[in-house]
Amino acid sequence: MTTDNAARQPKGIPVGGQFAVTAHAEPELSLTAPKVTSRGRTTNVTLPDGTVATRTSKSKEYSHAIVLSPEIPELVIANREAQIAGAQAAITAREEALKDPKFTKKRRFNDDRDPDLDYKGEQVYYGFEYNLKSADGKTILETMRGNSKGDTQGCYDPETFDYDVKKLGRVVPQLKLHTLELINQAKETIAAAEKDIEAVKNGTYKLGGYGVPAWSSRLDLAQKAANQYAGWTRRATVTPVDQ
């Protein structure tokens, strides 16, 4: 007896296949769909770049393929510009908040349990939420959990920002360090996005190739899957299989 270890797919969207495409090594071969092989029915689709993607199934006859395009340069630039704008806004909000920090404290459980002890009577550090609010006091920017006395489990090193999940510390200083680390991460996001934009403009950015992440035996399900696979920088189209 054999065991089928194939990955389960979301209900209603028969997704499968391989991203990798195979070169059409035998031009004289007449493509038909489906072609019955020892493994099952093999379906083919010719991609816009001339390569052929295949999908073999023992139980389904696929009629449509979802084809992903390479990344589109204009969309890559627009996506990275949006990342930069979002990161800059995050940096500005957090830097302003840290000039005159406003912290709030809220108990997470509204019952009679001891917020600082678990059922074994051991110390816990998640009964309260400590929040850093924006400079205008209207928005919660960052959150850290601790106990009623302001202790938290998990600490950042103030010099290296290395995080140690086992160490105990004070919530408010740690919340500040956590915010500074997120500012640093936002700056890295900006630098990476600017690098990608420059690479797109000078032609060194790798846009990738065409691929087929999913196949379907129904047109409506194929269109639904295409909507899910389409990304910020790539387009997904539904293509009939080769006949």
Side-chain angles (χ1 to χ4, degrees), residues 2-86 189-243:
T2 60
T3 301
D4 187 0
N5 291 321
R8 295 182 180 274
Q9 304 296 342
K11 182 179 181 181
I13 305 177
V15 176
Q18 300 172 338
F19 279 92
V21 298
T22 56
H24 194 188
E26 301 180 63
E28 71 278 9
L29 179 64
S30 177
L31 297 177
T32 59
K35 177 183 177 182
V36 180
T37 70
S38 59
R39 296 174 56 198
R41 298 177 176 88
T42 298
T43 305
N44 308 282
V45 63
T46 302
L47 302 178
D49 60 3
T51 57
V52 177
T54 63
R55 165 67 170 166
T56 300
S57 172
K58 293 184 178 180
S59 59
K60 291 184 178 297
E61 295 184 10
Y62 293 112
S63 59
H64 292 82
I66 291 80
V67 177
L68 272 180
S69 73
E71 290 190 272
I72 301 169
E74 295 80 6
L75 296 183
V76 173
I77 292 176
N79 173 262
R80 301 307 190 269
E81 288 176 341
Q83 290 182 10
I84 290 171
T189 295
I190 292 174
E194 290 176 340
K195 183 178 179 180
D196 283 348
I197 291 174
E198 180 61 26
V200 171
K201 291 181 177 180
N202 64 30
T204 60
Y205 184 88
K206 295 182 179 180
L207 298 171
Y210 289 94
V212 180
W215 304 74
S216 178
S217 56
R218 286 171 46 183
L219 176 59
D220 59 332
L221 293 180
Q223 291 172 334
K224 183 177 179 181
N227 293 336
Q228 294 181 339
Y229 276 102
W232 290 104
T233 61
R234 304 179 74 178
R235 289 289 178 259
T237 56
V238 175
T239 302
V241 300
D242 294 333
Q243 298 293 334

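Computed from a predicted structure; not experimentally measured.
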Check your understanding: Got a sec, which residues hit side chain to side chain donor-acceptor pair (under 3.5 Å) with Ser59, two or more places apart in sequence or on another chain?
Key -> none
**Study point:** Residue pair Arg55 / Val241, side-chain heavy-atom distance below 4.5 Å
**Key:** no
**Study point:** Sidechain-backbone polar pair: Arg234 side chain, Ser69 backbone, donor-acceptor under 3.5 Å
**Key:** yes
Check your understanding: Which heavy-atom pair separates Val212 from Ala65 by the least distance, and what is that distance?
Key -> CG1-CB, 3.9 Å
Revision key, fill the gap. Contacts of Thr239 meeting side-chain contact (heavy atoms from CB on, under 4.5 Å) (sequence neighbours excluded), chain-then-number -> Val45, Val67, Thr237
Point to revise | With sequence neighbours excluded, residues passing side chain to side chain donor-acceptor pair (under 3.5 Å) with Asp220 | key: Arg218
Study note, to complete from the structure: The side chain to side chain contact (heavy atoms under 4.5 Å, CB included) partner of Asp242 among Thr54, Thr43, Asn44 is Asn44
Exercise for review: Report the distance from atom OG of Ser217 to atom CD of Glu61, rounding to the nearest 0.5 Å.
Suggested key: 9.0 Å
When the side chains of residues 192-201 are checked against the rest of the protein, which donor-acceptor pairs come out under 3.5 Å, sequence neighbours left out?
unit_1	atom_1	unit_2	atom_2	d
Asp196	OD2	Arg80	NE	2.8
Asp196	OD2	Arg80	NH2	3.3

Check your understanding: Do you know which of Ile72, Ile77, Val76 makes side chain to side chain contact (heavy atoms under 4.5 Å, CB included) with Glu74?
Key -> Ile72
Exercise for review: Over all heavy atoms of both residues, which pair between Trp215 and Ala53 is shortest? Give the atoms and the distance, please.
Suggested key: CH2-O, 3.6 Å
Review point. Which pair of heavy atoms, one from Pro73 and one from Leu207, lies closest together, and at what distance?
Key: CG-CD1, 3.8 Å
Revision key, fill the gap. Taking every heavy atom of Ala230 against every heavy atom of Ala236, the minimum-distance pair comes out as N-CB, 3.9 Å
**Study point:** Inter-residue atom distance Asp49.CG - Thr51.OG1, 0.5 Å rounding
**Key:** 3.5 Å
Point to revise | From Tyr62 atom OH to Thr56 atom OG1, the distance as rounded to the nearest 0.5 Å | key: 10.0 Å
Practice item. Go through the structure and list residues passing side chain to side chain donor-acceptor pair (under 3.5 Å) with Thr233, not counting sequence neighbours. Key: Glu71
Study note, to complete from the structure: Value for CH2 (Trp232) from CG (Asn79), rounded to nearest 0.5 Å, stands at 7.5 Å
**Study point:** Side-chain donor-acceptor contact under 3.5 Å, Gln223 with Asn227
**Key:** no
